[in-house]
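These numbers come from the heavy atoms of this one structure, side chains and all, not from hydrogens, waters or symmetry mates.
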Amino acid sequence: MKIWKISWLSAFLTQAATGNDMVCKPEGVGVVNNNICIPQEYNKFDLPLPDTVNFIDVGIDITDVLRINDKEYGVEFSTYFNVMWREPRLHIPKRFLNELNDSSDSMIPVNLELVRELWLPNIFIYNLKTFKVVEVLSKHAGLWITRNKEIMYSQATHINFICPMRFDAFPLDTQICKFQVGSYSYEMSKMTFTQSNKVNGYVKTKNSVVLDYSVEIIPLEGDDRILSYGELGNFSVAGFEMVLQRHISHYLITYYLPSGLFVVVSWISFVVPPEVIPGRMALLVTIFLVLVNIFNTVTTNTPKAEGLTAIEMWMLSCILFVFGALIEYAIILFRKQTKSVQPQRTNKIKLICKDNFKYEVSTSDMGDSQEMLDLEEPRKPTCGENYIKADRFFLVAMPCLFLVFNVIYWLSFGSHLILTLDEAGK
C-alpha cells in the first residue's frame, strides 16, 4: 500500500513538472524560450479565436472495414482519426521554424504530452457506439505543428457507429450509412468543420476481412454538412457516406437457383399420366416439402424487416407455383372420381372404356359363348373428360407465369444489379 502511494505521488509530480515545463517563461535578459510552449495567461477552456470562426479540419483515413452487423445495425472500421485546428496563442521558437520548410503545410512532430495543456475541440460523432484507441505500450497517437501554428492530432482507432438499415429488398439491398463529425455545443458561427487534403485522404485498399458487402466511400453532400437544431442553431459537420452493396452471388447459388429449379422440375408432373397417382403425387409433395424447408431456413437467417423481404417473397412465390400444380392434380383426381362412367345393366349391351373412348359390346344368350360385335367409336367422343388437354394447358401456362413473375421481380428488386453490370461492361 505504501509503495502504491509513493508511485502515485511521483507520477503526479512528474506530470505537474511536465505541465510547468510547457508554460512559457517570461523572456528577459538571458531568458529565451527554446521549446514550444504556451503563454502563462493561456486558458485551455477558451476558444483559440473567440471573435471569429474556428475552422476544424477533420480527416478519417479508413484502413479497413472490420465488421457489418445487420442485426445490431452496426458498422465497425479501423481508421486514423485526424483533427487539425489553428492555435494562434502557441509559441513556436525560431529553431523549430528553421527545421520546417518554407511550405506552410510542412509539419514537425512534438511531444504528445502537450495535448494535456492545449485547447481541444469538443468533437461529437453522431450515432457513435464505441470509439476504441489502439494501444500497445502506449496509445497510438501523434501530435504535429506547422509554421502557421496549426496543430494536428491523430489517433489510430476502431470506430463502431449505428447505421439505420432497411431490409425490405434483402438480399438485393443497398445500405447508405452517414458518418458525421461535428461539435457538441458550438454552432457553425463559432466552429466550422471542413475536410481538406491536409488531413483527409481515404486509404484505397481492398478489404482484408471477408464481408457480405462491397464498400464504397463518398463525401457528404452539401445538405448533409449542416444540421439544424432549432433554437440551438445550425451545426457544421464533416464526414462521409458509406455505401454498402450486398454481394448477391452467395444467395443466388444457395437459395434462388435451387428453388427456381425445383419449380421447373414440378412441371414434369404435367407430363405424367393422371392414372400414375403414386409417381405424380410423390414428385409434387417432395418438392413442396423441400421448398418449405428452404423457406424456414431463409426466415431464420434473414434480418428483420417491416414486411416480407425480397427473398421471402421469392420463396413464397416458388411454393405457390408448386402448390398450384398440386391443386391442378387434385382437381383432376376429384373429377375422375365424381364423373366416372357407370356401365348399363343389360344382358344385350355392355359399355367398355378403352383408350379414353367408349365402345358398345353386345352379348348373346346362346350357351356360354359370347360374340363381340365390331367396335365403333360412339357418338359421344370420349368416355370421360379429356384431362390430357388440361395438363398440356398448364404445361404452357405455368412457365409463362413464372417467366412473367421473374421479369417483374428482378426489375423491381434487382435493377441496381443490372446497372452495376452495365458500368462494369463499360
Taking CG in Asn43 as the centre, count heavy atoms belonging to other residues, nucleotides or ligands within less than 6.0 Å. Is the count above 12? yes
CD1 on Ile294 to OG1 on Thr254, rounded to 0.5 Å: 10.0 Å
Which pairs count as side chain to side chain donor-acceptor pair (under 3.5 Å) when at least one residue sits in residues 284-299, sequence neighbours excluded? none
Can a donor-acceptor pair be found between the side chains of Asp70 and Tyr213 at a distance below 3.5 Å? yes
How long is the straight-line distance from CD of Gln180 back to OG of Ser236, given to the nearest 0.5 Å? 10.5 Å
Distance-only polar pair, side chains of Tyr42 and Gln40, donor-acceptor under 3.5 Å: no
Compute the centroid of each ring, for Tyr409 and then for Trp314, and state whether the two points are separated by less than 6.0 Å. yes
Can you confirm whether Phe323 is buried at CZ, in the sense that more than 12 heavy atoms of other residues, nucleotides or ligands lie under 6.0 Å from that atom? no
Do Phe288 and Val322 have side-chain heavy atoms sitting under 4.5 Å apart? yes
Answer whether the closest heavy-atom distance between the side chains of Met398 and Val263 falls below 4.5 Å. no
Are any side-chain N or O atoms of Glu72 and backbone N or O atoms of Gly74, one a donor and one an acceptor, separated by less than 3.5 Å? no
Atom pair CZ (Phe131) and CZ (Phe81), whose distance is rounded to the nearest 0.5 Å: 5.5 Å
Listed by chain and number, what are the salt bridge (Lys or Arg N to Asp or Glu O under 4.0 Å) partners of Arg392, not counting sequence neighbours? none
Side-chain contact, heavy-atom cut-off 4.5 Å: Arg225 with Met188? no
From Thr302 OG1 over to Tyr255 OH, what is the distance, rounded to the nearest 0.5 angstrom? 7.0 Å
Answer yes or no: are there more than 12 heavy-atom neighbours, outside Glu135 itself, under 6.0 Å from its atom CD? yes
So, the side chain of Glu312 versus the backbone of Thr309: is there a donor-acceptor pair under 3.5 Å, distance only? yes
Is a donor from one side chain sitting under 3.5 angstrom from an acceptor on the other, for Thr79 and Asp61? no
Taken to the nearest 0.5 Å, the spacing of Asn148 CG from Arg86 CZ works out to 7.0 Å
Should the ring pair Phe240 and Phe179 be called parallel, tilted or perpendicular, given that the plane angle runs from 0 to 90° and is split at 30 and 60? parallel
Within 6.0 angstrom of Met281 CE, more than 12 heavy atoms from elsewhere: yes
Any salt bridge linking Lys336 with Glu275? Criterion: basic side-chain nitrogen under 4.0 Å from a carboxylate oxygen. yes
Nearest heavy-atom pair of Leu291 and Cys318: which atoms, and what distance? CD1-O, 3.7 Å
Distance-only polar pair, side chains of Asp212 and Tyr251, donor-acceptor under 3.5 Å: yes
